[in-house]
Amino acid sequence: METRLVVSSSPHLKTPESIQSVMTDVLLALFPAAIAGVVFFGWMGLLTMVLCMVSAMVTEAVILRQKNIFGDGSAAVTGLLLAMTLPPAPPWWLTVIGGVVAIVIGKQVFGGIGNNIFNPALVARAILMVSWAGHMTGWLSPVDLVSTATPLPLAARGVSTSFLSLFIGTVPGCIGETSAFALLLGAAWLFYKGHICWRIPGGYIGVVFLMGMFFGGMGSLATMVSVGLFHVLAGGVMLGALYMATDWVSSPVTPRGKLIFGIGCGIITMLVRLYGMYPEGVTFAILLMNAVTPLIDRATLPRKFGEVTK
Amino acid sequence: MSVMKDLSRGIIRDNAVFRLVLGLCPTLAVTGTAENGLGMGLSATAVLVCSNLVVAALRNVIPNKIRIPCFIVIIATFVTMVDMLLNAFLPALHAQLGIFVPLIVVNCVILGRAEAFASRNPVLNSAADGIGIGLGFTLALTTLGAVRELLSKGTIFHANILGSGYQPFQVFGFPPGAFIALGLMLALFNMLSRKFRLE
Amino acid sequence: MLIAIISLGGLGLLFGGILAFASQKFAVEVDPRVEMVQEALLGANCGACGYAGCSKFAEEVVAGNAPLGGCTPGGAKTAARIAEILGQVAPETEARLVAQLVCLGDCSVAKDKFIYHGVPDCKAAMMYSGGSKACRFGCLGLGTCARVCPFDAITMSEKGLPIIDADKCTGCAKCRNSCPKQVIDMINARTFHYVRCKSTDKGKQVREVCERGCIGCGICVKNCPQKAIRLENNLAIIDSFICNNCGKCVEVCPRDTIV
Amino acid sequence: MGNIIVIIFGAIFINNFVLSRFLGLCPYFGVSKKVETSIGMGMAVTFVMTMASLVTWLLEWFVLVPNNLQYLRTIVFILVIAALVQFVEIVMRKVAPALYEALGIFLPLITTNCAVLGVAILNIQIGYNLFEALVFAVAAAAGFTLALVILAGIRERLELAFISRHFRGVALSLIIAGILSIAFMGFQGMM
Amino acid sequence: MSFKTFKGGIHPGYFKSATEGKPTVPARPPSLVVIPMAQHIGAPCEPLVAAGDEVKMGQKIGDSKGFVSAPVHSSVSGKVVKIDSCNHPLGRPVQAVYIESDGQDTWHGDVQPRPDYEKLTAEEIKKIIREAGIVGMGGATFPTHVKLSPPPEKKIEYVLVNAAECEPYLTADHRAMLERPEDIVTGLRLVMKAVNAPRGFIGIEDNKPDAILAMTKAVAGDSSIVVATLHTKYPQGAEKQLIKVCTGREVPSGGLPMDVGCVVQNVGTCIAISDAVRFGKPLIERIVTITGSGIMEPKNMLVRVGTMITEVVEQCGGFRPNIRKLILGGPMMGLAQPGPDLPVIKGTSGILCLTDAEVELDEIRPCVKCAKCVDVCPVSIMPLFIGGSVEHGMYDKAEEFNAMDCIECGCCTYICPAKRPLVQWIRMAKGDIAARRRK
C-alpha cells in the first residue's frame, strides 16, 4: 500500500464540533442582542461592539503571534460580551482598553483559552468600572438618547418601569443587557445546540426571582411576584445568567456544581442590589463565584458508577 | 571588597520584593503614591540597618534556641523608635502609613536578613547588607508607588506628568490595582532577569 | 522607666520560662545534621538519588542508608560537603556521566511505518504498535525526555530528535529512565566516539528503515587499531576502556553511525 | 448583637484582611498551593490570632495603660506573639506531628504574619472591648482563611494550565488576588 | 418491553446500513492461516505442534496451564510451515503457528457431535467450553470458562446476552441474530445451566426491530428468558451499563459482573458455545463485518480464525485508494492498525476501513471545560481533569479523579470540541497507576 495509514487511540469517530464552531455558535446567539443594541442605541452601540471585538482580537493575535485574527473565535466572543456590558456611548479609548485588559489580565496571564479562572469580559468590566465609574454609568435612554438613570436605581427611588419595555429592551442600560427578549432568543439557540444547560441560568434566575420576591419589600402576592420579576428583567441578570455565568471555562463542570454556582450568583447579586453600595451586582457575583469554582468542583465530584456509598 | 558585594547584591540581584518576594504587605499597602513608598522604604531601611548591626554584634551572645524572639525584640525596639521619630517630625507621612509603621516589625525582609545574614556575618558586612537590601526595598516601593501614582493620578511625587486631560486609571489607586500592578511588574522583572541572565 | 524595665523584663522571664518548660516537656529529637545536609544539596528534587526528594535523601544519608555521593547532580562537590558535615571522608567520585542519545534517526533519515496521531508523548505513542518509527529501536522523537529533564538540558530539534546539552546535563538519568525506547545511555562525559544506534536487526532490515543505522558490517571492527570494537547482535560496540579516541572508526563507518 | 454581625461581616467580606487591608500577604502567597495545607494554615492562624488577641488585649488594658506604657505596645505585643507561636510550634510538633509536617516551616512564619500583630493593634486602635476583640480576631482569621482557600483552589486548578513562565508563581497569584479584591468590592456598602 | 437507560452516553452516527441487510457469506477457505498463540486476555498458549507436523481442522495446536487462558485450534487441515512471530491487533508481535492448508478441511477425530447434550452437567459444559477455546467475542477476548466459574459464595442469578451491538458500523451480531436465533438461545440456555442461573436476558437496541422479532420468536414459550428492548445509545453494550439497564444492579467499582450475580455473554460467544457443546466444534471461525467507505464491497463474512486480513479484504474487492485508517473492531473501541498483514483472531468483530475524509488529524487544543465529557461519561468520572493531570505528568491526581474506573468507551473523546485524546491519557494513567499499585 502506498499511503501510510493513521494509527491513533480509539475512538475513531469524533464529533464535528470544534472550539471554533462553538464560538461561532455563541456569536450567533449574541446576534439578536447585538441587533437590539444597535436598534436602541444607534451607531454608537455598533461602533462600541466592533471596536471592542477588534481590540480583543488584535490583542490576542499579537500575544499568540497568530496570523488569523479570528483565531479560535474566543477573543471575538470575549470582546462582544464585554461591549454588551458597557454603557451605550463610552469614550473610544475606554472600549479599546477594555478589550486589551480582558485578553491580557483576564485570559492570557492564566495561560490562554481554557485556563482563565475568571470570565475575561467581566474582569475587564470590573476594572473599567472601578477606574472610570463616571464613564461606566453614562446611561442613555434608548428612545431619544438623552442621559438618564437605569431601572434599578429608579426603582429604589420609587419610579417603576413597565414590564413590556423591560422585556423588549426599551429601557436605559448596557448595550446588550436591556432586551430580555433578544437574549432569550439567543439562549434558546445555545440550549438547542447543547452548549449550555438549565442549571446555571435556572439557579441564578430562580434565586434572583425568589429573593426579589421575599426581600424586595413585602406586600401582596402580586406585588411580590412583580418585584421578583422586575429584578429578573432589570439590569444585567439576563445577560449574566445566560451568557456570562454559563461561560464554560470559568464555571463548574459537575452538574451539582453548576446548580450551586447559579444559586450562589443569584444570592450575591441580590445582596449587592438590596444592601450594597452598587446598584448592580451581576459582575461581582459572577466573579466571586468564578473564584470559588475550583472549590465547588472539588466538593461536588459526582458519585462514580458502582461506587459504594458508605 | 566583599563588603561592596554585600551592599550591591541586595539592590537588584537579591531584590527583596522582586526577587525574593518578601515584605509584600507594606509593598502593596503604602504604595499608592511614590512619596509613601519612599517613606516606607526608608523607614524599613533604617530599621534594617540598625537591627542588622545589633544582631551581628550580638550574634555570638544570643543563644541559638531563642534567637528568633531575641531578633524580634531588637527589631521591635528600632521600629518603636522609628515610629516615634516619624510621628514627631513627619506626622503627615506617619498618618498615611498608619498601622504599617508598627508592622515593620513583622516585615519578613528584616527578620529574614537578621536570620539569614546578620546572625552569621561580621558587623560591617551586615550593615552593608542591610543598606543594600534596604535600598533595593526602597527602590521597589518607590517604583511601584510611582507607577501606581502615575496611572491612578497622572502624577509622580505630586508633579503632574500626564497633563490635565488625563483620565486617571483609578483602579491602580485601590487595593486591586496594587495587586495587579505588582503582579505585572513582577512578571516584567522575571522577563528582564531571564533576558539578562541574572539567575 | 523603672516600670517599663520591670514589665518588659517580667514578661521576658515569664515567656522564657514557659518556653523553656514547653521545649523540655515536648522535645522532639531531630538530627541537626539532616538540615545541614539538606542545605548542601541542590534542592532540585530530581530524584536521581532514588529517594523522594532532597529532604528524604538528606535523612537517609545521615541515617547511613544512602551513599555520600548519592546526589548525582551535585557531583563531587556536594559529596565532599556532605562528608564534611558527617565527618567522613569523601568517596572517590566516578567520572562525570552525561546522557547521550543513541539514535540518529531523525525524520530525514528514518522512515515511519504509519502516521501516529494522539498524545504527543513517547510513552503514549508506544502503546500503539510501538510507535510510528519503522525501526523498532529508533527514537520516537516526541520529547518525553525533554519534558522530564529537571535541568532544561534537552531540547527537541526541528527534525524530531532530542539534543542534549552536555554542559547542562547533570547525569541524573531521568531522561534515560523515561525513554520507552531506551535510546538514551549514560556515558562518560569524556567519551568522544560512540555508536549511535541500538538496532540489533539484520543489515538488510536496517537499510530498509533508516539511512544511518548500524548494519553490523564490521568495517569498524576490522579497522580499529586498538581492537576496541566488537560486534554483538549485528551492532557494533566500542569498549570505552580500550578506545583511545583515534577516530578511525568514524572515518570508515559507511553509514556515519559512529559519531 | 447587630454590632457583632457588622464586625464579622466586615472583617470577612468588606474589609478582608488580605484583599483589602493587605495583611498577612507573605503566608497568603506562600501557603496557597494546596487546598488541604491552606485549610490547616487557616486553622493555625485562627488559633494564634484568637489567643494573641486575648493576651494582648489583657496586657494593653491591665499592664500598659495603667502604667502609661503604651509606647511599648509594639514590642510587647510582638514578644507575646512570638512566644505564643513558638509555644504552639513546640506543642504541635509533639502532639500532632502530621499537622506539623503539613504546615512545616510556615509555623514560624505566623510570627511574622502581620495579620496577627495587625489584629492585635487594630483591636486597640479601634477600641473594641474584649468580646468584640475576640470576635474580630476570629472573623479576620476566617476572612484570611477564606481568601487563602479560594486562592489555593484556583492555584490547584492552574496546575493544569500552561502558564507563561514569566507569570508562573507569585506574579500570577498577585493578579488573581487583584481580581478577587475587585470581586470583594461588591460587598462594599453592606451593613 | 422497554427499559430505563443509563446515565451519560452519546448518539454518534451509526453507519450500519452498508452491511445490515447483507446475509453472512462464508469466506473462501484460506490457503495459509496464521494462528497467534495469544488470542485472549491472560497467559499466552504454548504451541503443541512443531514445524512439519500434519494437523487436522479443529485440532488443538496451542494450550497453556494458566487458568485465565484458552487453547487455540487449527482452522484448516494441512501442514505446519513454521512457528514464528506475527503482527497482532494489540500492536505487539506474538508467537504464531503458520499452517498451510491442504484444501481438504478434514476434521480432527475429537470433533464429535453430542446428540444428548442436554444431559451434560454444569461442570462438563464448562470443560467443553474451555477445551473449545471460547473467549468473549465482542472484542475483549476474556476466556469464557473463567467467567463461568465464579467462586462458590457468588450466586449467579442472571445471564445476559449482550446483543446491543452499540458500536457503529458493526452488524456481525445483528446478522447472527437474524440467521441463527435458535443457536443463540441454545448457547444462552447452556450458559444458564453451567452457572445455574434461573433467568436470562437478551438485550437488543431498538434500532434492530427485525432482530428483536427474531429473538422473541426464538425464546417464545420460555418465561425464564426475556428479550429486552434497549434504547439506541452508545455504550449500551458496555457490560456494566447493560447489567444496570436490564437488572437495575450496579457492578461495584473495581468489581466484576459476578459480584452482582450476573454473567454477560456476547451473541457470537453464545453461538460458539452452542457449536462447541452440540457439535464438538472448537472456536475456529467467526462472523466479521468488513465495512467502511474505504472498502469496495462491504460484507458480513464467516471467516476462519488465522485468515490474513489482506485475504479477507481481497474478497471484498480490496481497499479504496484513499483509505487512511484500518481498524480492527468498531470505531469507538477498535484498534487502529499500521497495515493489513495480520490475521483475524477470535476477537475480531469487524474490519473497518476509513478514508481521508473521515480521518481527522486535528490539533489538540486546550481544554475549555465545557464539561461535555462529564455529561456523557457513563461511569461518571472526570475525563477532563484526568486528561489534564496526565498531560502534566500528575498521575496521582488522575487517580483521585477515578481514572481506574474508566471503561474506555470513548464517549469523552468523541464529544470533546477541543479534540483532546482523553481516552489515551486515561489509558496512560491506568498503566501508571496499575504499575504503582503492583509495587
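In what follows, every chain begins at residue 1, and chains take the letters A, B, ... in the order their sequences are listed.
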Enclosure of F191(A) CZ (heavy-atom neighbours >12, cutoff 6.0 Å):
yes
Go through the atoms of E360(E) and report whether side chain, backbone, both or neither lie under 4.5 Å from a heavy atom of chain A.
side chain
Let me know if L384(E) has heavy atoms under 4.5 Å from chain A in its side chain, its backbone, both or neither.
side chain
Most contacts with chain A, counted as non-hydrogen pairs under 4.5 angstrom, among P421(E), C370(E), G410(E)
C370(E)
What I want to check is whether the side chains of K325(E) and S8(A) have a donor and an acceptor closer together than 3.5 Å.
yes
Shortest non-hydrogen separation from A336(E) to V6(A) and the atoms involved:
CB-O, 4.0 Å
Taking side chain as everything from C-beta outward and backbone as N, CA, C, O, which of these in M382(E) sits under 4.5 Å from a heavy atom of chain A? Side chain, backbone, both or neither.
side chain
Heavy-atom check, side chain of F305(A) versus side chain of D405(E), under 4.5 Å:
no
Please classify the contact between F6(E) and chain A as side chain, backbone, both or neither, with a heavy-atom cut-off of under 4.5 Å.
neither
Is there side-chain contact between V253(A) and F385(E), with at least one heavy-atom pair below 4.5 Å?
yes
If I measure from the heavy atoms of chain A, does L354(E) come under 4.5 Å with its side chain, its backbone, both, or neither?
side chain
Grab the two heavy atoms, one from A418(E) and one from I19(A), that are nearest each other, plus how far apart they are.
CB-CD1, 3.7 Å
Ignoring hydrogens and geometry, is there a side-chain-to-backbone donor-acceptor pair from K14(A) to C416(E) under 3.5 Å?
no
Carefully, step by step, assess H12(A) and E358(E) under the rule side-chain contact (heavy atoms from CB on, under 4.5 Å).
CA-CA 9 Å; H12(A) 308 287; E358(E) 294 148 311; over 6 Å; no
Using non-hydrogen atoms only, which part of P12(E) is less than 4.5 Å away from chain A: side chain, backbone, both, or neither?
side chain
Structural part of P168(E) lying under 4.5 Å from a heavy atom of chain A:
side chain
By a 4.5 Å heavy-atom criterion (distance strictly below it), what part of C367(E) contacts chain A: side chain, backbone, both, or neither?
backbone
Measure distances from R365(E) to the heavy atoms of chain A and classify the residue's part below 4.5 Å as side chain, backbone, both or neither.
side chain
Name the region of R427(E), side chain, backbone, both or neither, that has any atom closer than 4.5 Å to a heavy atom of chain A.
side chain
Which atoms of K240(E) come close to chain A, meaning under 4.5 Å heavy atom to heavy atom: side chain ones, backbone ones, both, or neither?
both
For G306(A), is there any backbone N or O sitting under 3.5 Å from a side-chain donor or acceptor partner on K244(E)?
no
Show the nearest heavy-atom pair for residues S10(A) and G334(E), with the distance to one decimal.
CB-O, 3.5 Å
Which answer fits I10(E), side chain, backbone, both or neither, if we ask what part of it has an atom under 4.5 Å from a heavy atom of chain A?
neither
Looking at I381(E), I415(E), V359(E), I327(E), which one has more heavy-atom pairs under 4.5 Å with chain A than the rest?
I327(E)
Rounded to the nearest 0.5 Å, the NZ atom of K419(E) sits from the OG1 atom of T15(A) at a distance of 5.5 Å
When only pairs under 4.5 Å are counted, which of G114(A), P255(A), G112(A) shares the most heavy-atom pairs with chain E?
G114(A)
Between K372(E), K7(E), Q241(E), which residue shows the highest count of heavy-atom pairs closer than 4.5 Å to chain A?
K372(E)
Heavy atoms, side chains only, cut-off 4.5 Å: are K304(A) and S253(E) in contact?
yes
For residues L13(A) and Y414(E), report the shortest heavy-atom separation together with the two atoms involved.
O-CD1, 3.4 Å
Between V249(A) and chain E, which part of the residue has a heavy atom less than 4.5 Å away: side chain, backbone, both or neither?
both
Salt bridge check, R303(A) against E250(E): does any charged N sit closer than 4.0 Å to a carboxylate O?
yes
What one should report as the nearest heavy-atom pair of W248(A) and V368(E) is CB-O, 3.2 Å
For the residue pair P338(E) and L5(A), what are the closest heavy atoms and their distance?
O-CD1, 3.6 Å
Turns out that what part of D297(A) lies under 4.5 Å from chain E's heavy atoms comes down to side chain
